[in-house]
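In each ligand, atom 1 is the first atom listed, and ligand 1 is the first ligand listed.
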Amino acid sequence: MSAISFDPASGVWLLSTARTSYALWIDPTGAPCHLAWGPPLTLAAAGRLVLPAGEVSSFEGRSPAGEELPVDGGARYGVPSLRVRFADGTRAFEWAHLGHRIGEPAPGTKELALEFRDRHYPLAVALHYRVHDDTDVVERWTVLRNTGRQPMAVLRADSAAWTLPPRDHYRISHVTGQWSAEGLLHREPVPHGETVLTSRRGITSHHANPWLMLDAGDCGEDRGEVWSAALAWSGSWHLTVQRTPDGRTSCTGGAGHDGTELPLGPGQEYATPRFAGLYTDRGFSAASRAWHAYVRSHVLPHPDEMRPVLFNSWEATGFEVDEAGQKALAVRAAQLGVELYVVDDGWFRGRRDDSAGLGDWTPGTERFPRGLVPLVGEVHRLGMRFGLWVEPEMVNPDSDLYRAHPDWVLHFPHRTRTELRNQLVLNFARDDVAEWAYGWLTRLVADNGIDFLKWDMNRAFSEAGWPAREDGQDLLWTRYVHHLYDVIDRLRADHPGLRIETCSGGGGRVDLGILSRTDQAWPSDNTDAADRVSIQHGFSQIYPAQVMAAWVTDVPNQLTGRSVPLRYRFHVAMAGVLAVGGDLARWTPEELSEGAELVAQYKTVRHIVQHGVQHRLRGPVDDGPTAVQYTTADRREVLVLVWQRAPRHGTPRPALRLAGLDPTACYRDVTTGAVHHACVLTGYGIAPELPTGDWSSTSLHLIRVDDMTTEGTGSH
Ligand code: DGJ
């Protein structure tokens, strides 16, 4: 059960989730201050954390850590979460508390809103907190409102600042990467000073992802305290971690990056994106599981659905897309067991390569003389759903759209319009651009019977200007994302059966914001199964397998030139939403039959992967195998996937200790029939047989033997 309580005597608010507490108060200066985030407390105990302010040296000022939303103002010298420039040029903010509200916006959800205003200027600030019965995640966001008659500029408007309790050491876990190498996990000491994780690209980015985990340097996969936070935002963002001279650590984060500001006109309101925080004392793996559960229960629009096995044409046919070729591939895909057939780039007017066509969203007449309907009909007739690739935010200068509307792109006068992949970014912040995109998308879906869109976005912003509006270059960073969300929301409302995959040249736009309106994500353009093991490991830190699309493609891999066996490629892809992206026209009968067998096998276990609970048994760290376990919520079924690179001879075969089983039960191996005691599997482990040679892999599917006690089973 979650709860929010307030003690008027101590002035303390206590937010309680099933296993954690979060406490705050307002100090004598009127500033909302942090008290606790960690193991459960009572309201009385939380009150004891309020300490009288001590003597402070004139060189110190307020500690940079310890406020709920440190402002630019007063004797503060750390990173401000809120910086404002009022109409007369004044910048400092001074807190004046107005009151608070505690409510229940939905069954099982409690919300606290703390309301403030500036002591003099017409700016209202509300700090929002939400807790739910079924998760330890605390959601936070801030709402700013200009209550005056003159405009003001918000120079930084973070969603929230998170403060950790004092510890001797701190460590940060986060991901970095680049195109085709996203999600590489780093775990390193938090340096003293300030550490900034950010995207200045207008998208979430391949290079960093808006989440982090902090621990005291003593946490492991299955033990120890972790404080983590994830931002629900799909544009530029920043998270600043501070390790302060007084031995504290905090993190403030929100939308925008250094140098961007938000104009706030008279009467206007700005609600920051949500910044969700989670504390657990059971290790990184438990933190990931709690995030997965939160994404499933509070973020995804259709968490209870099973994602279909899809085929995607990109690596098979590239831009060479036509009706006959796609129909032939669709027949093979259906034979393989594919349930959703997706035509990728290349289907629209003028699109022979990446130099032209973006913006002209009608089928190419030489490739689809009768439009898309005959292909969609054939795919449906074959028993599959039909999906289509789109890149609505982009335009090639060589397109009718750009020739008609050269002012629709992000640009500055007298500046180069830098092309990346021969394309420019449409200014989605403009009402007319967003309306145009919504219009053709909703017609495309309706007119062709489209079931699924792969929504791609293949370049970062540059020359991010909007000359038609004086405040355009500041406004666009947030309005672009709000319009993007709005277009997707309207499409979904028009077509309730439509499902959407978020893609940005692979994993450039994966975050809690976009996932609240899409159904799955494309984590990387790198489909090399060996590389994918690390990419998936990074992805799994916050995001669940249910949204992790994974294709089996051909070898040698187009990107890396590496060849690994078909079975290994399947086993890696089975760790998420299995898909096929190879050129099925060139698969041998043996490959097609092995593929069909593995697709069929995936269908028997995907409920465990997509809706189950994940334990990372061994990360991709050394010569040994990497292994991931999934278990159904009722602990009846288990799937373990094991992948081994090219081991040195003599590399020990580790016993994998399974987790989260019913401790008194026995489990039967579906393939061999062998029966295992849960206490042996968890306490002593199992070393699954792997074929010899490089790139070996296996899957182990266990089902609980009901009504069988651990005594007298004759089991292993
Ligand atoms: C980038 C995507 O990540 C790929 O999967 C593919 O859709 C290409 N764009 C098509 O241009």
Side-chain angles (χ1 to χ4, degrees), residues 177-183 201-207 209 234 310-322 325-326 329 340-361 363-364 367 386-396 398-399 419-426 450 452-460 499-511 514 518-529 531-532 535-536 539 547-554 557-560 573 576-583:
Q178 54 182 294
W179 172 77
S180 275
E182 299 88 335
R201 295 165 189 266
I203 48 172
T204 325
S205 95
H206 304 76
H207 304 78
N209 200 267
S234 312
L310 72 76
F311 172 85
N312 179 289
S313 68
W314 177 240
E315 289 203 19
T317 50
F319 294 102
E320 298 304 315
V321 172
D322 62 23
Q326 294 300 309
L329 276 174
L340 166 62
Y341 186 89
V342 183
V343 176
D344 207 282
D345 200 348
W347 60 269
F348 47 99
R349 198 148 53 85
R351 191 68 168 172
R352 291 202 172 72
D353 52 35
D354 65 15
S355 67
L358 291 172
D360 297 342
W361 297 104
R367 292 166 175 215
F386 182 84
L388 194 65
W389 178 94
V390 289
E391 195 177 3
E393 301 152 77
M394 292 294 148
V395 66
N396 286 117
D398 186 0
S399 65
E419 293 178 23
L420 295 170
R421 208 195 188 208
N422 305 307
Q423 61 198 58
L424 296 167
V425 183
L426 287 172
I450 289 167
F452 177 93
L453 289 176
K454 173 178 172 181
W455 185 301
D456 203 350
M457 197 291 189
N458 278 302
R459 60 156 292 178
R499 299 292 173 261
I500 301 179
E501 177 172 77
T502 173
C503 170
S504 175
R509 188 149 65 195
V510 184
D511 56 78
I514 201 74
T518 53
D519 303 284
Q520 59 188 60
W522 180 227
S524 180
D525 274 351
N526 184 341
T527 59
D528 177 324
D531 282 5
R532 201 86 182 183
I535 292 169
Q536 294 183 171
F539 191 95
V547 302
M548 188 177 77
W551 305 349
V552 174
T553 56
D554 293 339
N557 183 269
Q558 287 186 1
L559 183 76
T560 65
V577 179
L578 174 72
V580 179
D583 185 356

Undergrad: Could you check L358 against R351 for side-chain contact (heavy atoms from CB on, under 4.5 Å), going step by step and ending with a plain yes or no?
TA: CA-CA 7 Å; L358 291 172; R351 191 68 168 172; 3.5 Å; yes
Undergrad: In ligand 1, which numbered atoms sit nearer than 4.0 Å to a non-hydrogen atom of N458?
TA: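 By the 4.0 Å cutoff, the relevant atoms are 1 (C), 9 (N).
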Undergrad: Considering only protein heavy atoms, which is closest to atom 1 (C) of ligand 1, and at what distance to one decimal place?
TA: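 The closest one turns out to be D456 OD2, 3.0 Å.
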Undergrad: What's the shortest distance from atom 6 (C) of ligand 1 to any protein heavy atom, and which residue and atom give it?
TA: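 Here the closest protein heavy atom is D344 OD1, 3.3 Å.
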Undergrad: Return yes or no for this condition: an N or O of S504 is under 3.5 Å from an N or O of ligand 1.
TA: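 It does not: no N or O of S504 is found under 3.5 Å from an N or O of ligand 1.
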Undergrad: For atom 4 (C) of ligand 1, what's the nearest protein heavy atom and its distance?
TA: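 Nearest neighbour among protein heavy atoms for atom 4 (C) of ligand 1, to 0.1 Å: D525 OD1, 3.4 Å.
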Undergrad: Does ligand 1 have an atom that lies less than 4.0 angstrom from a heavy atom of K454?
TA: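 Under 4.0 Å: yes for K454.
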Undergrad: Establish, for the pair R532 and W522, whether the NZ or CZ atom is under 6.0 angstrom from the six-membered ring centre and no further than 45 degrees off its axis.
TA: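 Flagged: R532 positioned over aromatic ring of W522.
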Undergrad: Atoms of ligand 1 less than 4.0 Å from R421 heavy atoms?
TA: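 Counting from 1, the qualifying ligand atoms are 10 (C), 11 (O).
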Undergrad: Using the ring of each side chain (for Trp, its six-membered ring), is W389 parallel, tilted or perpendicular to F348, with breaks at 30° and 60°?
TA: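 Aromatic pair W389/F348 classed parallel.
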Undergrad: What's the verdict on salt bridge (Lys or Arg N to Asp or Glu O under 4.0 Å) for R509 and E393, showing C-alpha distance, side-chain angles and the deciding distance?
TA: CA-CA 13 Å; R509 188 149 65 195; E393 301 152 77; 2.5 Å; yes
Undergrad: For C503, counting its heavy atoms only, list the atoms of ligand 1 lying under 4.0 Å from any of them.
TA: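 Every atom of ligand 1 under 4.0 Å from some heavy atom of C503: 2 (C), 3 (O).
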Undergrad: If I compare all heavy atoms of R499 with all of D519, which pair ends up nearest, and what's the gap?
TA: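 Nearest heavy atoms, R499 then D519: CA-OD2, 3.2 Å.
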Undergrad: Does W551 reach the side chain of N312, with side-chain heavy atoms less than 4.5 Å apart?
TA: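 Yes, side chains in contact.
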Undergrad: Does D528 use its side chain to pair, donor to acceptor, with the backbone of N557 at less than 3.5 Å?
TA: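 Checked: no pair found.
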Undergrad: Give the atom numbers and elements of ligand 1 that come within less than 4.0 Å of a heavy atom of G505.
TA: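 Those of ligand 1 that fall under 4.0 Å from G505 are 1 (C), 3 (O).
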Undergrad: If every non-hydrogen atom of I535 is compared with every non-hydrogen atom of S524, which pair is closest and at what distance?
TA: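 Closest heavy-atom pair between I535 and S524: CD1-OG, 3.7 Å.
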Undergrad: Are any of the N/O atoms on W314, whether in the backbone or the side chain, positioned under 3.5 angstrom from an N/O atom of ligand 1?
TA: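 No, no N or O pair falls under 3.5 Å.
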Undergrad: Under a 4.0 Å heavy-atom limit, does N312 contact ligand 1 with its side chain, its backbone, both, or neither?
TA: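 The answer is neither.
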Undergrad: Where the side chain of E391 meets the backbone of W455, is there a donor-acceptor pair that is under 3.5 Å apart?
TA: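 A pair under 3.5 Å: no.
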Undergrad: Note the single closest protein heavy atom to atom 11 (O) of ligand 1, along with its residue, its atom name and the distance in Å.
TA: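 Protein heavy atom with the smallest distance to atom 11 (O) of ligand 1: D345 OD2, 2.7 Å.
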Undergrad: Looking at ligand 1, is there an atom of it that comes within less than 4.0 Å of some heavy atom belonging to W551?
TA: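 Under 4.0 Å: yes for W551.
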Undergrad: So is G506 polar-close to ligand 1, meaning N/O to N/O under 3.5 Å?
TA: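 Between G506 and ligand 1, an N or O pair is found under 3.5 Å apart.
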Undergrad: Ignoring angles and geometry beyond distance, decide whether R351 reaches within less than 3.5 Å of ligand 1 through its nitrogen or oxygen atoms.
TA: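 There is no such contact.
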Undergrad: Do R349 and P363 make a side-chain contact, defined as non-hydrogen atoms from C-beta onward lying under 4.5 Å apart?
TA: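 Sidechains of P363 and R349: no contact.
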